[in-house]
Amino acid sequence: QVQLVESGGGLVQPGGSLRLSCAASGSIYRINTMGWYRQVPGKQRDLVALVISADTTNYADSVKGRFTISRDNVKNTVYLQMNSLKPEDTAVYYCNAVIVTTYPHRYREVWGQGTLVTVSS
């Protein structure tokens, strides 16, 4: 009923920039939160950035000052602008959303399929 489609991953050099997009579609009445998580082999999936409203965002300490999360409520899309990328940013990045569906209204937590970001020379 609800899907998240990610795009924008790929290979980038250290110090470069990349912009990830995640578009939500389906039986959506309201999106409460949207965010980005990342995971590397052998480690847990960690929060990168979360946007709850236009003035309420959270960032992992490791990305503060380098990454910016934003949200387009008309397009039901969340973006992650990634600047000054480091090799340790290499991971699979997953989009996440908490959604209220259309009638009958229900809360749903939805994950994207993941997009690989590789930072290397």
- Query: If we ignore angles and hydrogens, is there a donor and acceptor under 3.5 Å between the side chains of Ser62 and Arg38?
  - Reply: yes

- Distance-only polar pair, side chains of Asn83 and Ser17, donor-acceptor under 3.5 Å: yes

- Closest non-hydrogen atoms of Glu6 and Gly112, given as atom of the first, atom of the second and distance, are OE2-CA, 3.5 Å

- Which atom pair, heavy atoms only, marks the closest approach of His105 to Val100? CB-CG1, 3.9 Å

- Counting N and O atoms only, with roles assigned by atom type, does the side chain of Gln81 sit under 3.5 Å from a partner on the main chain of Ile69, one being a donor and the other an acceptor? no

- Query: Given Asp89 and Lys86, is the salt bridge (charged side-chain N to carboxylate O under 4.0 Å, His left out) satisfied, shown in steps?
  - Reply: CA-CA 5 Å; Asp89 294 318; Lys86 306 174 181 179; over 6 Å; no

- Query: Quick one: are Leu50 and Thr57 in side-chain contact, heavy atoms under 4.5 Å?
  - Reply: no

- Should we count CD of Gln113 as having more than 12 external heavy atoms under 6.0 Å? yes

- Task: Looking only at non-hydrogen atoms, find the nearest pair between Ala91 and Val40 and report the distance.
- Result: CB-CG1, 3.5 Å

- Note on the structure: For Val48 and Val63 the tightest heavy-atom approach is O-CG2, 3.6 Å

- Query: Just by distance, do the side chain of Thr101 and the backbone of Arg106 share a donor-acceptor pair under 3.5 Å?
  - Reply: yes

- Query: Strictly under 6.0 Å, is that where the ring centroids of Tyr37 and Trp111 end up?
  - Reply: yes

- Query: Side chain of Thr33, backbone of Ile52: donor and acceptor closer than 3.5 Å?
  - Reply: no

- Item | Side-chain heavy atoms of Ser121 within contact of Pro14, under 4.5 Å | yes

- Item | Validation row: Tyr107, Ile99 side chains within 4.5 angstrom (heavy atoms) | no

- Item | Pi-cation contact, Tyr94 with Arg45 (under 6.0 Å, within 45°) | yes

- Side chains of Asn96 and Glu109, donor plus acceptor under 3.5 Å: yes

